[in-house]
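As structure tokens, the structure follows; a few thoughts come after it.
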Amino acid sequence: MNQEPELATEEQDLPEQIAIRLAKRERILASGHEAYPVSLAITSTIEDVRLKYPELEVDVATGETVGIAGRVMFQRNTGKLCFATLQSGLGARIQIMLSLDKVGEENLELYKELVDLGDHLFVSGEVITSKRGELSILVASWTMAAKTLRPLPNLHNDLGEEYRVRHRYVDLIVRDRAREVVQIRSKVMQSLRKTFTEDNFIEVETPMLQTIHGGASARPFKTHSNAFDTELFLRIAPELFLKRAVVGGIDRVYEINRNFRNEGADRTHSPEFAMLEAYEAYGDYNTMAKLTQALIQNAAMDCFGTLRVELEDGEVNDLSGDWARVSMFESLSLACGQEITPQTDIAVLKKLAEKEGLEIDHPQHGKYVEELWEHFVKGDLQQPTFVMDFPVDTSPLVRNHRSKPGVVEKWDLYIRGYEQATGYSELVDPVIQRERFVEQVKLAAAGDPEAMKLDEEFLKALEFGMPPTGGLGLGIDRLLMSLTGLGIRETIMFPLVK
RNA sequence: GCGCUUCUAGCUCAAUCGGCAGAGCAACUGACUCUUAAUCAGUGGGUUCCGGGUUCGAUUCCCGGGGAGCGCACCA
């Protein structure tokens, strides 16, 4: 990666184009004008003008004078008549025209000398159409609204991936899709909150800095508090705090916030990612499945007005109807050609895993089952599918199944081959929860870096009585991926870069 | 963390076998009162990611470092 030039260095060291723009800024100031004025007499947005005059005839004058601001995206200067295209933050464009007989020789020359591509410009003038029919502002006066010191990239090639991520603000200026994704993300968040509000859930915020990290199996980021002189962890999940809220009587509660996991990054994983978790007292994993489907379907409808969402590559993600449910053990048995149950001997699982060439890190019964399931079944789940009833030993925070021995009431929702959400009938029995934690501690002692810690304060909360509760976790970034077909780094405005 | 690929002008990309580092857009100078990525003529712009090595000569080959992309591993 190139070293970026810094403006503080001597002018001669600067790239030509920056030096020239700095000089133009000086000329503006020297002539008694401002390069970055504090306020402008704006009367309309570019969008307003376009909306008001959707279809004017060729070469008309409306008689209406407007003051608008926008960024210069194209310039077409002739000797005595100059054209430019101004763009709003949302990407709307309008043409401006400066003619010699309207603004005078001095103003026209200054304009040609001082205005560059990328500058923010304010113009005041009449709304007209040109002789070619283009909706335009015939400029009576113009002022610099904000001088750009760096040149805009070439607008006729796609920006490189790295440049887009490191200079997202430029990406947002020059690429419609970049702006769209930001809009979609915002609409999705609004839609999720609307669904929750209509269902009487309330939104809370729980700690991101935690003394004990819990609620998921993952490696945390560590940090340190000077004031408390103690090691702290960035949260890997809000679960244990949201459950405390349910103990306290906040029966329908959700949080949308960032989680941090100190693990690999790829097309579907980011070190910090937005997570939605929700808990419903007197619900269970069935009610949470229903809620999850509603959240996602409402989001698709609110964003696109359809449940058949067209993705980046032109494929359609069909989110309509009631989503399929399959049992983990049954779908695995079917796919691998032999019956696998929670009672299947671990030696059988081990043999099957070896035959398939799977290497498994911290082998337990449930770990084998999940790995085998991912190997045999996962990739085939393109349509939204709830995978039901997981092994006990890999789900330490979930209640045992009400009728099937050896499994817990947990589902994972798969869309387009990756995990989109998970739902539980939460484990609320403090005695069993303590036993499960003890198991995790043993795993940690045996070297599993993702095993959970025993959280005494959380257990104490459960000992005050937690009602039967359904819980769900849903990855926001991944929902955006499902709705757009983009990679996770394109759904996050400023993903982590080194 | 491991493997493969990649890094050249402000941006997007070329450069034969190791032989003067180029194009388009952008910039600069000039012309042009209806352009739409305006057009026409001309000009300038490079620590070829960084540091070493081989060589008469390195963008090119070798070693080390850094960034990025892809695959694997881990994970959601």
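In what follows, every chain begins at residue 1, and chains take the letters A, B, ... in the order their sequences are listed. Because only heavy atoms are used, hydrogens play no part in the values below, and waters and symmetry mates are left out as well, while side chains stay in.
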- request: Could you tell me whether Glu409(A) and Arg399(A) make a salt bridge, using a distance below 4.0 angstrom between a side-chain N and a carboxylate O?
  value: no

query: Contact class for Gly473(A) vs. all strands (heavy atom < 4.0 Å): base, sugar-phosphate, or nothing?
result: nothing

- request: Starting at atom NZ of Lys102(A), determine the distance to atom P of rC34(B), rounded to an integer number of angstrom.
  value: 17 Å

statement: Asp116(A) atom CG is separated from rC25(B) atom P, nearest whole Å, by 17 Å

- prompt: Across all strands shown, which nucleotide pairs with rG22(B) by Watson-Crick or G-U wobble geometry, both distances under 3.5 Å?
  reply: rC13(B)

message: Ring centroids only, cut at 6.0 angstrom: are Phe122(A) and Trp142(A) within range, meaning strictly under it?
response: no

statement: Pairing partner of rG57(B), by Watson-Crick or G-U wobble and under 3.5 Å for both distances, is none

Ring center gap for Tyr285(A) and Tyr424(A) short of 6.0 angstrom: no

message: Students often get this wrong, so: under 4.0 angstrom with heavy atoms, is Lys378(A) touching a base, only sugar-phosphate, or nothing?
response: nothing

- request: May I ask you to say what Ser217(A) touches in the nucleic acid, namely base, sugar-phosphate or nothing, with a heavy-atom cut-off under 4.0 Å?
  value: sugar-phosphate

- prompt: Touch check for Glu419(A), heavy atoms < 4.0 angstrom, all strands: base, sugar-phosphate only, or nothing?
  reply: sugar-phosphate

task: Report the base-pairing partner of rU47(B) (Watson-Crick or G-U wobble, both distances below 3.5 angstrom), or none.
output: none

task: Return the nucleotide paired to rA38(B): Watson-Crick means purine N1 to pyrimidine N3 with N6-O4 or O6-N4, wobble means G-U with N1-O2 and O6-N3, both under 3.5 Å.
output: none

statement: By the Watson-Crick or G-U definition, both distances under 3.5 Å, rC72(B) is matched with rG1(B)

Salt-bridge contact Arg175(A)-Glu490(A) (side-chain N to carboxylate O under 4.0 Å): yes

query: Atom CD of Glu450(A) to atom C1' of rA76(B): distance rounded to whole Å?
result: 11 Å

message: Base, sugar-phosphate or nothing for Asp266(A)? Non-hydrogen atoms, less than 4.0 Å.
response: base

message: Counting the atoms with a prime plus P, OP1 and OP2 as sugar-phosphate, which does Met275(A) contact under 4.0 Å by heavy atoms, base, sugar-phosphate, or nothing?
response: nothing

message: Taking pairing as Watson-Crick or G-U wobble with both contacts under 3.5 Å, can you name the mate of rU33(B), or confirm there isn't one?
response: none

message: Students often get this wrong, so: under 4.0 angstrom with heavy atoms, is Asp158(A) touching a base, only sugar-phosphate, or nothing?
response: sugar-phosphate

- prompt: Contact class for Phe273(A) (heavy atom, under 4.0 Å): base, sugar-phosphate, or nothing?
  reply: base

task: Among rA37(B), rA68(B), rC28(B), find the nucleotide with the atom closest to the side chain of His156(A).
output: rA37(B)

- prompt: Contact class for Gly264(A) (heavy atom, under 4.0 Å): base, sugar-phosphate, or nothing?
  reply: base

- request: Mind checking Asn77(A) for me? I need base, sugar-phosphate or nothing, with any heavy atom below 4.0 Å counting as a touch.
  value: base

query: Using 4.0 Å as the upper bound for N to carboxylate O, is an ion pair formed by Glu439(A) and Lys442(A)?
result: yes

message: Taking any heavy-atom pair under 4.0 Å as a contact, classify Leu152(A): base, sugar-phosphate, or nothing.
response: nothing

- prompt: Which nucleotide, rC34(B), rA68(B), rG24(B), lies nearest any side-chain atom of Arg489(A)?
  reply: rA68(B)

task: Answer with base, sugar-phosphate or nothing: what part of the nucleic acid does Lys24(A) contact at a heavy-atom distance below 4.0 Å?
output: sugar-phosphate

query: In the structure shown, which nucleotide is the Watson-Crick or G-U wobble counterpart of rU8(B), with both distances under 3.5 Å?
result: none

Separation of rC74(B) P from Arg219(A) CZ (nearest whole Å): 10 Å

message: Expressed as a whole number of angstroms, how long is the span from Ile18(A):CD1 to rA26(B):P?
response: 18 Å

- request: Assess whether salt bridge (charged side-chain N to carboxylate O under 4.0 Å, His left out) is satisfied between Arg164(A) and Asp158(A), documenting all intermediate values.
  value: CA-CA 9 Å; Arg164(A) 290 211 314 248; Asp158(A) 289 339; over 6 Å; no

